[in-house]
Amino acid sequence: MQSSNSRLFFLYGIIVLIVMICIGVIILPLIQGQEKIIVGLSLFGGSIVFLVLIYNIFDKYIKPVQSSAMVANELVKGNYKARTYVNHFGDAGKLSNAINVLARSLQEMTIQEKMQGSQLRTVIDNMESGLMLIDERGYVHLVNRKFLNTFGKHAKDYIGFLYYDVLEQENIHKAVQEAFLYEEKVKNSFTISLEIEKKRYFEIVGAPIFNEANDLKGAVLVFHDITELKRLEQMRKDFVANVSHELKTPITSIRGFAETLLEDDMVNEEIRNQFLTIILTESERLQALVYDLLELSKLEKDELRLNYETIHINELLVGILTIVEQQAQKKQINFTTTIEEDSKIRADRDRLKQIFINLISNAINYTPVGGKVDLGVHITKDSIEIVVSDTGIGIPEEFKDRIFERFYRVDRARSRNTGGTGLGLAIVKHIVEAHRGSIKVESKVDKGTIFRVNLPKSFLD
Ligand SMILES: Nc1ncnc2c1ncn2[C@@H]1O[C@H](COP(=O)(O)OP(=O)(O)O)[C@@H](O)[C@H]1O
Ligand SMILES: [Mg+2]
């Protein structure tokens, strides 16, 4: 641009010079003497003035206008960084100034737009739900990261394709069709098997998109992963079924024996006592079950409050050990304790007792006659470890995690015979977690089991 400018300037300069020379050539032969010198000098002076004028016009008008035109051209192409760098005088200067301001505003606007775009993209990509945007003809325009994590493949495998070609689930097709047909939000759910045996449940919400003129422009599909919800729902259903089942057995038995006693006058004393004992045992089982259920529901409440107090473990154990030792004696089990002196802890007294009772009762119940059970309480700097070990039947590796579930028993019949409700360990686990502690189990089938509970000595409520 600079070189074409100076070329133009030289061209005009040469034209002026040629015109002056021509005037000189025509006029000078017509005049005489000193007039020749005056006219010659005037022509020379005139040429200089013209040249300076042309230069000025170039510098102040043509150059800024050309530069502004060039920048405007760059702006049209989308290069908002372009600026004019010429002197800012007069109207042409104002023009180039205005062009610079325009360019700066455009640049700021695009930066802002880019920022907003990337913010929106970040939000969309970091959403907890999958998202897909399709146009009114059913072509996919956008999918987010969560969507790709769920359905696999890459964005390029979806974008630009018809939604029903890239997604096979009938329920998704239905949701889209209904969103388009009824022009309102629709909900649907479907399952996908990502891996064998690993089903995931999704809820899909399809919402139509309208433009300002209220024309349907497409639909946005949101995929919520509701697998966890479904699992909780299933757990709740299982729990209700389990409770009903657990209640049914003792109730049927109590009713049966009571009816027999009432109907048959001939039952002798011995059988009568036998029946009444069964009724008593079964009602005790019912009572234990109801007690454990209530305890569990209290522990599972969100607003569970523990009554913290400073507890000396030795003191707490006095009451417990007498009961436990009796149980052990009945089964001729050698029950020993190794308790460190002055073990103190801040905890809920009744609940802490429950931990000891449940774990030791289990150890005794699941250890055959003549076995050994040991209770250890060890102190570390900021925690207390309760270790209950036995030489009992043990727990097969595959059930070790499940025994903490409500009503989960390795051997249902054996547990029932010991009067177990199947809730003992679930309660222990809840209590331990409420005290922000941990529970672990080590076990070998037919060798024995060790339960280790770790409780922090004190913590802020
Ligand atoms: N010390 C142990 N040795 C072997 N198995 C155990 C032991 N403690 C618990 N279990 C297993 O864990 C299951 C769940 O225990 P728990 O919740 O106390 O219920 P329950 O004792 O009423 O059956 C028991 O049925 C038993 O199979
Ligand atoms: Mg138990």
Side-chain angles (χ1 to χ4, degrees), residues 1-122 124 133 135-137 139 141-142 155-156 159-160 211-213 215 217-218:
M1 180 57 75
Q2 199 63 40
S3 66
S4 85
N5 256 344
S6 43
R7 227 182 294 144
L8 211 60
F9 171 70
F10 279 119
L11 186 69
Y12 288 163
I14 287 166
I15 292 173
V16 167
L17 283 178
I18 289 172
V19 170
M20 289 299 177
I21 289 166
C22 287
I23 294 173
V25 170
I26 296 166
I27 292 178
L28 284 180
L30 301 177
I31 47 176
Q32 300 291 317
Q34 279 202 330
E35 284 173 343
K36 267 190 183 174
I37 296 170
I38 293 167
V39 170
L41 280 175
S42 309
L43 283 176
F44 180 70
S47 316
I48 301 267
V49 170
F50 263 119
L51 285 178
V52 170
L53 265 177
I54 290 172
Y55 177 78
N56 261 321
I57 289 171
F58 258 94
D59 197 46
K60 295 211 172 106
Y61 293 94
I62 297 183
K63 242 163 81 181
V65 170
Q66 271 181 342
S67 166
S68 301
M70 193 185 77
V71 171
N73 231 349
E74 288 294 304
L75 294 182
V76 169
K77 282 188 222 152
N79 173 16
Y80 301 134
K81 282 190 203 141
R83 299 281 186 279
T84 70
Y85 297 100
V86 284
N87 297 331
H88 305 286
F89 300 115
D91 291 338
K94 277 188 201 153
L95 173 68
S96 64
N97 236 348
I99 290 273
N100 275 352
V101 172
L102 175 70
R104 205 170 305 127
S105 314
L106 279 173
Q107 195 178 12
E108 276 166 18
M109 261 165 57
T110 43
I111 289 172
Q112 261 174 14
E113 217 168 77
K114 262 190 206 154
M115 261 167 61
Q116 276 170 0
S118 78
Q119 276 169 356
L120 193 66
R121 187 75 227 179
T122 316
I124 288 174
L133 187 77
D135 65 15
E136 71 272 28
R137 289 170 305 151
Y139 285 96
H141 280 241
L142 183 135
K156 65 174 169 36
I159 293 171
N211 65 5
E212 287 104 33
D215 298 324
K217 275 306 186 205

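Residues: numbered from 1 along the sequence shown.
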Shortest non-hydrogen contact from Asp135 to His141? OD2-NE2, 2.9 Å

Given Val19, Ile18, Leu17, the one that forms side chain to side chain contact (heavy atoms under 4.5 Å, CB included) with Ile15: Val19

Okay, side chain of Ser67, backbone of Lys63: is any donor-acceptor separation there less than 3.5 Å? no

Just verifying a value: how many Å separate Arg121 CZ and Gln116 CD, rounded to the nearest 0.5 Å? 16.0 Å

What is the minimum heavy-atom distance between Thr84 and Ser96, and which atoms define it? OG1-CB, 3.4 Å

Is any side-chain heavy atom of Ile159 closer than 4.5 Å to one of Leu142? no

State the CG-OG distance between Leu95 and Ser68, to the nearest 0.5 angstrom. 4.0 Å

Ala82 and Val71 have their tightest heavy-atom pair at O-CG1, 3.8 Å

Could you tell me which non-hydrogen atom of Asn79 sits nearest to which non-hydrogen atom of Leu75, and how far apart they are? O-CD2, 3.7 Å

Taking atom types as modelled, is there a side-chain donor on Arg83 or Gln107 under 3.5 Å from an acceptor on the other? yes

Heavy-atom side-chain proximity of Phe44 to Met20 below 4.5 angstrom: no

Working to the nearest 0.5 Å, report the span between OG1 of Thr110 and CD of Glu108. 9.0 Å

List the atom of Gly40, the atom of Leu28, and the distance in Å for their closest heavy-atom pair. N-CD2, 4.4 Å

Shortest non-hydrogen separation from Gly24 to Leu43 and the atoms involved: CA-CD1, 3.4 Å

Determine whether the aromatic ring centres of residues Tyr12 and Phe58 are separated by less than 6.0 angstrom. yes

Euclidean distance, Tyr80 OH relative to Met109 CE, rounded to 0.5 Å: 7.5 Å

Supply the atom-to-atom distance Asn97 CG to Leu102 CG, rounded to the nearest 0.5 angstrom. 12.0 Å

Rounding to 0.5 Å, atoms CD1 (Ile62) and OH (Tyr55) come to a distance of 12.5 Å

